[in-house]
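Below: one structure, written as structure tokens.
Whatever order the structure lists ligands and atoms in, that order sets their numbers, starting from 1.
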Amino acid sequence: MPRPLSATIHTAALANNLAVARKYAPKSRIWAVVKANAYGHGLARAFPGLRATDGFGLLDLEEAAKLRELGWAGPILLLEGFFRPTDIDVIDRYSLTTAVHCDEQLRMLEMARLSKPVNIQLKMNSGMNRLGYTPEKYRAAWERARAVQGVGQITLMTHFSDADGPRGIAHQLEAFERGAEGIAGARSLANSAAVLWHPDAQFDWVRPGIILYGASPSGKTADIDGIGLKPAMTLSSEIIAVQTVDAGHSIGYGSTYVADKPTKIGIVACGYADGYPRIAPEGTPVIVEGVRTQLVGRVSMDMLTVDLTPCPGAGIGSRVELWGEHLPIDDVASSCGTIGYELMCAIAQRVPVRAE
Ligand SMILES: *Cc1c(COP(=O)(O)O)cnc(C)c1O
């Protein structure tokens with residue numbers, strides 16, 4: 001028997017979430033963002049659920065090639081562009097669209113020999129201050145790109161830093177409009193948060209990622225209440241042992257948890273080597289036999305421990321949900337001081353994953 005830990009990818013939930021994104025941005029075409037192995041879900045497993053998209057956005061050339069092997073003939077966008085001249089050969093071979101964010105990339109395109117024009121998304125730095133041309137330098141970059149023989153369509157692109165937060169996007173939209181003024185071409189601005197909360201930023205293409213996987217762009221479950229998103233991944237395991245500890249006895253490494261009364265503890269086959277965060281504190285929610293209980297003691301490499309007081313019928317073999325269908329990943333993430341994105345991307349190689 002394999003260890004009872006596994007992740008299940010819900011294909012119907014992915015399709016549902018893509019439809020939700022479409023409902024929120026009905027006039028835009030969608031780049032379904034599948035970077036980082038489809039946010040940990042597995043590119044090949046996520047593909048069937050997302051194939052109604054208009055295009056896929058990702059980072060790695062290998063992932064792009066894999067999508068072509070899976071039979072995707074539509075647009076694929078390299079969100080960070082390329083790094084070396086030889087990358088352009090791959091872009092050409094697989095007919096990829098690429099972000100272009102700096103003069104070094106433009107220079108490589110000028111030198112490249114392409115068999116057909118390459119479509120690019122010229123990135124503006126409208127305030128995130130990671131990649132792209134400032135609004136002041138944008139027009140010159142666009143003119144230079146347009147003069148490159150191998151460059152086909154040029155889409156105008158930027159990325160928001162605060163679409164999910166109180167600062168919002170007004171300052172970046174203003175910068176974008178200023179830099180893009182008078183330049184023709186499709187626009188590509190909105191991430192998940194902007195798809196949900198900033199319809200004024202949707203334009204021709206939107207680039208949702210996290211909402212396709214059913215989690216919240218802000219990391220707060222309450223922020224996506226009633227939107228109709230469904231969790232695309234359930235991480236589940238079983239109780240593999242039960243301990244009843246007396247008052248005054250501790251559990252696990254460092255004896256961080258000491259029982260204040262006789263307490264029934266369930267030992268769960270899932271630890272930080274599976275991608276469950278070691279930083280998860282006591283009180284982090286866990287579901288056992290459908291009942292919400294909590295983590296006690298430190299997460300170890302292969303196991304974690306939960307309080308079985310709320311679920312007295314639980315024992316060896318009881319089903320445990322770490323996150324997913326009945327426990328929003330953002331509830332676990334916020335208990336750990338992070339966001340659902342990080343947890344789903346961190347699922348370890350050794351966890352068996354299956355799609356349903
Ligand atoms: C990751 C990424 C996205 C998707 O972001 P979400 O918050 O997951 O929707 C969109 N655009 C770019 C450039 C990205 O890198």
- Does the side chain of Ser161 come under 3.5 Å of the side chain of Gln172 through a donor N or O and an acceptor N or O?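 A pair is found: one side chain offers a donor N or O, the other an acceptor, under 3.5 Å apart.
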- Name the residues in contact with ligand 1, where contact means a heavy atom under 4.0 Å away: which are they?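 Only Val33, Lys35, Tyr39, Leu79, Met157, His159, Asn191, Ser192, Arg207, Pro208, Gly209, Ile210, Tyr341 have heavy atoms that fall under 4.0 Å of ligand 1, ordered by chain and number.
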- Query: Residues two or more places apart in sequence or in another chain: which of them pass ring-ring contact (aromatic ring centres under 6.0 Å, His included) with Trp323?
  - Reply: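 None.
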- Query: CD of Glu181: more than 12 outside heavy atoms within 6.0 angstrom?
  - Reply: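 Counting neighbours around CD of Glu181, 12 or fewer heavy atoms of other residues, nucleotides or ligands fall under 6.0 Å, so no.
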- Query: Are there more than 12 heavy atoms of other residues, nucleotides or ligands under 6.0 Å from atom CD of Glu342?
  - Reply: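 Incorrect, the count does not exceed 12.
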- Query: Please, which pairs that meet salt bridge (charged side-chain N to carboxylate O under 4.0 Å, His left out) have at least one residue in residues 59-69, sequence neighbours excluded?
  - Reply: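 Sorted pair list comes back empty.
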Show the atom names and distances, to 0.1 Å, of all donor-acceptor pairs under 3.5 Å that link a side chain in residues 347-356 to residues at least two apart or in another chain.
{"residue": "Arg350", "atom": "NE", "partner": "Asp274", "partner atom": "OD1", "Å": "2.6"}
{"residue": "Arg350", "atom": "NH1", "partner": "Asp302", "partner atom": "OD1", "Å": "3.2"}
{"residue": "Arg350", "atom": "NH2", "partner": "Asp274", "partner atom": "OD1", "Å": "3.1"}
{"residue": "Arg350", "atom": "NH2", "partner": "Asp274", "partner atom": "OD2", "Å": "3.2"}
{"residue": "Arg350", "atom": "NH2", "partner": "Asp302", "partner atom": "OD1", "Å": "2.9"}
{"residue": "Glu356", "atom": "OE2", "partner": "His10", "partner atom": "ND1", "Å": "2.9"}

